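First the structure, in the form of structure tokens, and then the observations on it.
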Number of protein chains: 2
Amino acid sequence: MKMTTSTAAPDTSRDTSGADQTRLALIQAALKLFGQKGFDGTSTREIATAAKANIGSIAYHFGGKEGLRSACAEHIVEAVSAIAAQAIGPAAGALAGPMDRETARGILHAVAERFVMTVVGNPQAVPFVQFVLRELSQPTTALERIYDGVFEPNHKRFCLLWEKATGQPAASRQTMLTVFTIVGQVMYFRIAREAVTRRMGWADIGAAESKAIAATVCANIDAMVAAAREE
Amino acid sequence: MKMTTSTAAPDTSRDTSGADQTRLALIQAALKLFGQKGFDGTSTREIATAAKANIGSIAYHFGGKEGLRSACAEHIVEAVSAIAAQAIGPAAGALAGPMDRETARGILHAVAERFVMTVVGNPQAVPFVQFVLRELSQPTTALERIYDGVFEPNHKRFCLLWEKATGQPAASRQTMLTVFTIVGQVMYFRIAREAVTRRMGWADIGAAESKAIAATVCANIDAMVAAAREE
DNA sequence: TGACGATAATCAAACGAATGATTAAATCAT
DNA sequence: ATGATTTAATCATTCGTTTGATTATCGTCA
């Protein structure tokens with residue numbers, strides 16, 4: 001027999017056709033599980049169950065487990081691009097022309113703060129970050145896509161911002177490495193989340209804790225900018 | 001009904017005790033493979049083959065795959081403790097008493113540089129770091145051991161050093177977070193190694209590249225210390 | 001010292017369970 | 001009705017673990 005999939009009718013009005021709905025559900029479920037338990041640690045059956053889909057759907061829509069991983073990477077690239085465009089997009093236009101150093105420093109603060117909130121504080125972004133971090137530690141073609149679509153463009157933008165704030169050329173080795181250290185400061189709180197909460201005596205890294213982290217990072221940025229300007 | 005196990009006489013030249021040798025070989029092989037491919041991505045057969053041991057040895061010596069993971073964690077704790085003791089151990093005695101600010105800053109530099117070389121530059125330390133990072137993203141009892149044996153004691157020491165260099169109390173939230181950002185700066189170059197090499201146009205992160213990274217981190221530390229002293 | 005017996009350790013083989021993939025039939029949408 | 005999609009069942013393979021037999025190690029007693 002079959003149960004009437006009455007439970008599957010929560011909000012059919014919102015989404016598109018059934019096929020696309022299945023694809024999206026699979027991607028979201030896979031993204032979450034891959035992030036939580038890793039690619040190898042997640043079975044296709046788990047994914048299908050979480051997505052309320054059939055196991056065969058994975059092969060049908062993505063060709064297999066590996067194809068689903070690629071689709072997840074593509075999904076992340078699109079999502080991050082949208083977020084990034086919204087975050088530092090408005091300032092992108094101004095980024096092309098000249099800019100006051102203090103203005104650039106202010107934007108640097110805003111970007112850093114938003115970065116912290118998204119990467120560390122936002123529970124919804126956890127699967128994304130976790131997925132990327134896993135891919136980083138074991139490079140596949142999925143990482144290739146993420147690097148081209150996320151890492152490089154955003155790193156370049158950040159370097160450009162650094163140039164506006166300090167005067168150091170964006171393409172210099174020194175600037176690029178420095179930007180990496182800034183990114184690392186933030187990312188580490190996600191990576192070593194477990195160690196941080198224990199050491200800090202925090203039950204969780206919520207909005208309040210994220211704010212404290214952001215303040216620390218911004219203070220570091222100020223100190224680094226000030227030092228860089230003196231050179 | 002038995003085959004003459006004539007093949008079992010390849011190298012009677014046993015070095016140390018056979019049992020401990022097998023255990024160590026299994027741990028080292030597992031550590032390497034777990035770090036490279038992840039816990040779930042590594043099969044017990046792979047480990048046994050790499051260690052030139054029998055599959056059953058894993059269950060015999062460690063109770064199972066999970067027990068081998070715990071043994072790896074314990075092995076790391078011991079190894080890192082030895083390295084840490086050698087690195088900042090000599091200064092541990094001086095750490096208890098008063099210390100000149102500039103002296104503390106110098107030690108800070110030395111520790112950071114050594115940290116970079118070990119985590120990022122030393123190919124032999126790769127499996128260790130990779131293993132820990134994987135455990136961090138998926139907390140198990142193995143992480144518990146590593147946190148208590150590695151993270152907390154070293155973080156505390158670093159905070160104390162920060163206090164000597166800046167005057168800010170080691171146990172303050174600000175200091176602890178700042179130290180995390182310093183650690184994160186370094187660790188990120190290992191985590192995002194793939195992204196870094198591509199962006200920097202490096203073929204690899206060797207001694208020369210590690211030196212450049214260390215210089216950048218030390219410059220950041222100087223800037224942060226200077227800013228912290230002014231408060 | 002030298003043989004003996006107990007324990008420790010290794011080994012090849014096989015177990016059941018779970019994996020990703022595949023199939024053909026059933027169902028859906030247009 | 002036809003093509004797109006979902007479903008249930010089955011595929012071969014690989015997984016971690018277990019097994020019983022074999023070999024190595026070592027303390028004990030003659």
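These numbers come from the heavy atoms of this one structure, side chains and all, not from hydrogens, waters or symmetry mates. Since we're looking at a predicted model, the values are computed, not measured. In what follows, chains are A, B, ... by sequence order, proteins preceding strands, each numbered from 1.
- Which of C:dG20, C:dT10, D:dT6 sits closest to the side chain of A:H61 comes down to D:dT6.
- With a 4.5 Å cut-off on side-chain heavy atoms, A:T181 and B:Y188 do not count as touching.
- In this structure, CD of A:Q21 is placed 14 Å from C1' of C:dA29, rounded to the nearest angstrom.
- Annotation: side chain of A:F151 is in contact with side chain of A:V132 (closest heavy-atom distance under 4.5 Å).
- Going from atom CG of A:L68 over to atom C1' of C:dT19 covers 15 Å, rounded to whole Å.
- Of all nucleotides listed (C:dT19, D:dC15, C:dT10), D:dC15 comes nearest to the side chain of B:S43.
- B:F62 has its CZ atom 13 Å from the P atom of D:dT17, to the nearest Å.
- A:Y60 places its OH atom 9 Å from the C1' atom of D:dT6, with the value rounded to the nearest Å.
- With rounding to the nearest 0.5 angstrom, the CG atom of B:D40 is 12.0 Å from the CZ atom of A:F39.
- In this structure, B:R23 atom CZ and D:dT25 atom P are separated by 17 Å, rounded to whole Å.
- D:dT17 atom P lies 13 Å from atom CG of B:L26, rounded to whole Å.
- If you take NZ of A:K52 and C1' of D:dT7, they are 17 Å apart, rounded to a whole angstrom.
- Side-chain atoms of A:Q130 and A:Q36, non-hydrogen and from C-beta on, never get closer than 4.5 Å to each other.
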Pairwise N/O distances under 3.5 Å, protein to nucleotides 21-25 of chain C:
unit_1: C:dA21; atom_1: OP2; unit_2: A:K65; atom_2: N; d: 3.0

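- Contacts classified as ring pair (Phe, Tyr, Trp, His ring centres under 6.0 Å) and involving residues 66-86 of chain A (residues at least two apart or in different chains) are not found.
- Contact check, A:T22 against D:dT6: a side-chain N or O comes under 4.0 Å of OP1 or OP2.
- Per the geometry, CZ belonging to B:F34 stands 12 Å off C1' belonging to D:dG16, to the nearest Å.
- Taking the side chain as every heavy atom from C-beta outward, B:L133 and A:S137 never approach each other to under 4.5 Å.
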